[in-house]
Number of protein chains: 2
Amino acid sequence: MSVNLEVVREVSEFNNYYNSLSDLLNKHLAENNLSLSALRVLVKLKQDEENSTAGKLIASLGIDGGYLSRILKSFETNQLISKRKSAADGRTWFLQLTPKGRKLLEILEESSGTSIRQLLEPLAPEQQHALAGAMRTVRHILSDDSRISLDDITFRRDLQPGDAGYLMHLHGSLYAKEAGYNIEFETFICKTFFEFLETYNSSKDQVFLAMHGNQIIGSIAVLGHSRYATQMRWFLVHPDYRGIGIGQRLLNEALAAARDKLFQKIYLITTSKQEAAIRMFKKNGFRKSGGEAYAYVGIAADGREV
Amino acid sequence: MSVNLEVVREVSEFNNYYNSLSDLLNKHLAENNLSLSALRVLVKLKQDEENSTAGKLIASLGIDGGYLSRILKSFETNQLISKRKSAADGRTWFLQLTPKGRKLLEILEESSGTSIRQLLEPLAPEQQHALAGAMRTVRHILSDDSRISLDDITFRRDLQPGDAGYLMHLHGSLYAKEAGYNIEFETFICKTFFEFLETYNSSKDQVFLAMHGNQIIGSIAVLGHSRYATQMRWFLVHPDYRGIGIGQRLLNEALAAARDKLFQKIYLITTSKQEAAIRMFKKNGFRKSGGEAYAYVGIAADGREV
DNA sequence: TAATAAAGTTGCTTTTGTCAAACAGATTTT
DNA sequence: AAAATCTGTTTGACAAAAGCAACTTTATTA
């Protein structure tokens with residue numbers, strides 16, 4: 001892939017900036033007689049619980065073997081870690097934190113927390129959240145296993161001011177990028193949102209939003225059009241978040257809500273271009289009903305099929 | 001201000017993450033026989049051009065005096081900097097980069113660039129931009145002079161897919177926060193956007209967007225309702241970006257466009273709550289015209305006032 | 001003018017990290 | 001099965017990075 005020059009510059013400046021900042025954030029290490037490398041070892045030991053060995057640490061932290069050996073030795077004399085000889089390989093030792101080591105890590109986290117708090121203290125709450133979000137983004141983009149898990153995603157059922165606009169934005173920009181739609185499509189979306197907002201009633205209409213932090217990254221809605229039929233709309237998952245089950249989760253919520261409210265039929269309209277979505281609809285019992293509309297024969301409370 | 005626990009955790013994890021990353025990004029220093037501190041000194045010398053002294057460096061970089069003295073001495077023997085005795089104070093020396101020092105910095109930037117490029121190489125272009133944006137955000141929030149200047153803002157005249165939705169989002173969420181409006185207001189906004197989109201025509205309608213990176217942070221529109229009258233709408237600057245002239249700049253653009261197209265009257269509708277906006281309108285020649293509408297007597301091409 | 005302070009330097013020390021060789025157990029080769 | 005090779009870890013020697021305290025020189029102040 002090609003690399004954008006502006007991006008390189010920004011990363012470089014960020015790196016410069018952060019180099020000076022990290023002094024500040026890591027000053028608590030000196031107070032506890034630890035080097036940055038030693039901290040990283042400690043943290044890694046906590047993460048990899050039970051089956052870490054010196055070799056693995058060398059590989060994962062990129063640290064020099066000799067240096068690590070000494071760090072570990074000092075950890076051992078300070079009773080921060082304990083070694084357990086491997087049965088399979090007489091050369092290797094399994095390393096684990098002792099309660100004392102665990103305790104030290106807690107203390108370190110606590111004192112690093114105070115530095116951080118001092119850094120954040122002058123910031124307004126929104127700025128703090130924006131900062132956290134940006135840092136999460138950086139980490140997320142740069143880490144190889146950049147997959148987000150469902151655990152990072154929260155779900156919301158209420159429609160707050162700004163949400164409708166953001167949903168419209170997501171639809172407009174994503175469909176433009178992925179299906180080549182233009183602004184006319186956004187006009188259409190806008191119309192549907194207006195009609196929806198005008199008659200919005202939480203007893204008949206349900207909106208489900210998948211959130212990452214305070215950003216909407218997925219949505220679905222179940223709109224009650226009549227006593228018996230309901231339309232599903234605005235089903236979308238942001239491309240960065242696809243493939244981890246958010247779509248299915250949203251669909252489940254929507255179907256459950258439709259059943260709860262005793263709707264007997266759910267229909268939705270889509271186009272043949274939405275292959276992935278159509279596959280998911282089919283898997284969940286939707287059937288094509290002519291034209292571009294898919295109709296779902298729902299299990300209504302009275303068992304009738306429509 | 002209170003500090004959110006989640007934010008502290010995120011910053012802490014980010015710090016951990018970045019500590020391991022900075023090894024990678026700074027490996028070029030070893031190749032050039034420089035320490036991180038030495039690099040920071042060099043960079044600072046370039047920034048503070050002409051009037052840096054050892055004392056200032058100590059204060060701004062938080063580096064030890066003795067250590068700095070040695071770094072500077074080595075720079076001098078390598079002819080990377082030159083010293084100039086202060087006339088006012090016999091103890092201090094002014095430091096400046098020599099052409100050779102400047103050259104070295106360039107080389108360093110270049111080789112840091114290659115590390116960065118390697119880091120970015122596997123990323124898709126959008127991810128690269130997202131990364132740059134997030135890094136800019138972090139840096140911006142944390143740097144004391146968190147003021148953005150007009151230079152950081154770009155302006156756009158075209159309406160791209162997703163823009164209308166995002167504008168609606170901005171209006172909905174900001175007015176909710178600042179004026180306590182609820183979702184009904186967003187419904188109204190949605191209606192105006194739909195009407196607008198439906199009849200959008202770039203020859204009569206103009207939209208101006210203030211962008212920071214690829215985020216819309218301000219907007220204004222001039223909608224041609226008749227041959228002679230035009231309505232100004234969607235005037236808004238995101239609160240984080242207020243007070244640096246973005247609003248005035250948008251207003252200028254809008255008025256200029258209205259004049260260009262020979263509209264003789266610009267009107268806009270607002271509420272008394274929008275005090276700052278109203279002050280700006282008045283300053284730019286708008287006059288109240290009864291009710292909640294302000295009408296602007298424009299200088300049309302034929303000089304008539306309406 | 002003596003006392004004190006500030007800017008910068010130097011000597012000494014500790015900490016941090018690197019490199020190469022050594023060592024011991026595991027694996028492969030002959 | 002012994003020799004050779006490989007792998008995970010340790011040790012010794014060393015160099016670079018950074019901090020501390022004493023010291024020199026020039027300014028400022030009482």
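Chain identifiers are assigned alphabetically (A, B, ...) following the order of the sequence lines, protein sequences preceding nucleic acid strands; residue numbering begins at 1 within each chain.
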### Query
Tell me the salt bridge (charged side-chain N to carboxylate O under 4.0 Å, His left out) pairs involving residues 60-69 of chain B, sequence neighbours left out?
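Those involving residues 60-69 of chain B do not exist here.
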
What contact category does [X] fall into here, base, sugar-phosphate, or nothing, at under 4.0 angstrom with non-hydrogen atoms?
| X | answer |
| --- | --- |
| A:Ala30 | nothing |
| A:Lys56 | nothing |
| B:Gly65 | base |

Okay, side chain of [X], backbone of [Y]: is any donor-acceptor separation there less than 3.5 Å?
| X | Y | answer |
| --- | --- | --- |
| B:Ser143 | B:Arg139 | yes |
| A:Lys56 | A:Asn51 | yes |
| A:His169 | B:Gly162 | yes |

Kindly list each side-chain donor-acceptor pair under 3.5 angstrom involving residues 34-47 of chain A, sequence neighbours excluded, with atom names and distances?
from	atom 1	to	atom 2	distance (Å)
A:Ser35	OG	A:Ala38	N	3.1
A:Ser35	OG	A:Tyr67	OH	3.4
A:Arg40	NH2	A:Leu61	O	3.0

With the criterion being N/O to N/O and under 3.5 Å, what pairs connect the protein with nucleotides 17-20 of chain C, and how long is each?
from	atom 1	to	atom 2	distance (Å)
C:dG17	OP1	A:Ser37	OG	3.3
C:dG17	OP2	A:Ser37	OG	2.9
C:dG17	OP2	A:Tyr67	OH	2.1

Atom NZ of A:Lys73 with >12 non-hydrogen neighbours under 6.0 angstrom
no

With both pairing distances under 3.5 angstrom for Watson-Crick or G-U wobble, and | for a partner in another strand, the correct string for DNA chain D is ||||||||||||||||||||||||||||||

First and last nt of DNA chain D near chain A, cut-off under 4.0 Å to heavy atoms, 5' to 3', are D:dT7 to D:dA13

**Asked** Atom CG of A:Leu61 and atom P of C:dT16: how far apart are they, to the nearest Å?
**Response**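 Whole-Å distance recorded here is 16 Å.
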
Rounded to whole Å, the NZ-C1' distance (A:Lys85 to C:dG25) equals 9 Å

Reading nucleotides 1-7 of chain C from 5' to 3' and marking B where a protein heavy atom lies under 4.0 Å of the base, S where only the sugar-phosphate is that close, and - otherwise, the string is -----BS

_Heavy-atom nearest nucleotide on DNA chain C for A:Ala88 versus B:Leu72: which residue maps closer to 5'?_
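Upstream on the strand: B:Leu72.
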
Problem - A:Arg242 bridged to A:Glu178 by N-O distance under 4.0 Å - result: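 Counted as a salt bridge, because a side-chain N and a carboxylate O are separated by less than 4.0 Å.
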
Are any of the side-chain heavy atoms of [X] and [Y] separated by less than 4.5 Å?
| X | Y | result |
| --- | --- | --- |
| A:Thr53 | A:Phe94 | yes |
| A:His212 | A:Tyr241 | yes |
| A:Met211 | A:Ile217 | no |

Under 3.5 Å side-chain donor-acceptor pair for A:Gln96 and A:Ser82
yes

Checking B:Leu25, B:Asn32, B:Asn26 against B:Leu29 for side chain to side chain contact (heavy atoms under 4.5 Å, CB included), the one that qualifies is B:Asn26

message: Using a 6.0 Å distance limit plus a 45 degree cone around the ring axis, check whether B:Arg249 lies over the aromatic ring of B:Phe155.
response: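 Relative to the ring axis of B:Phe155, which defines the angle, B:Arg249 lies inside both limits.
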
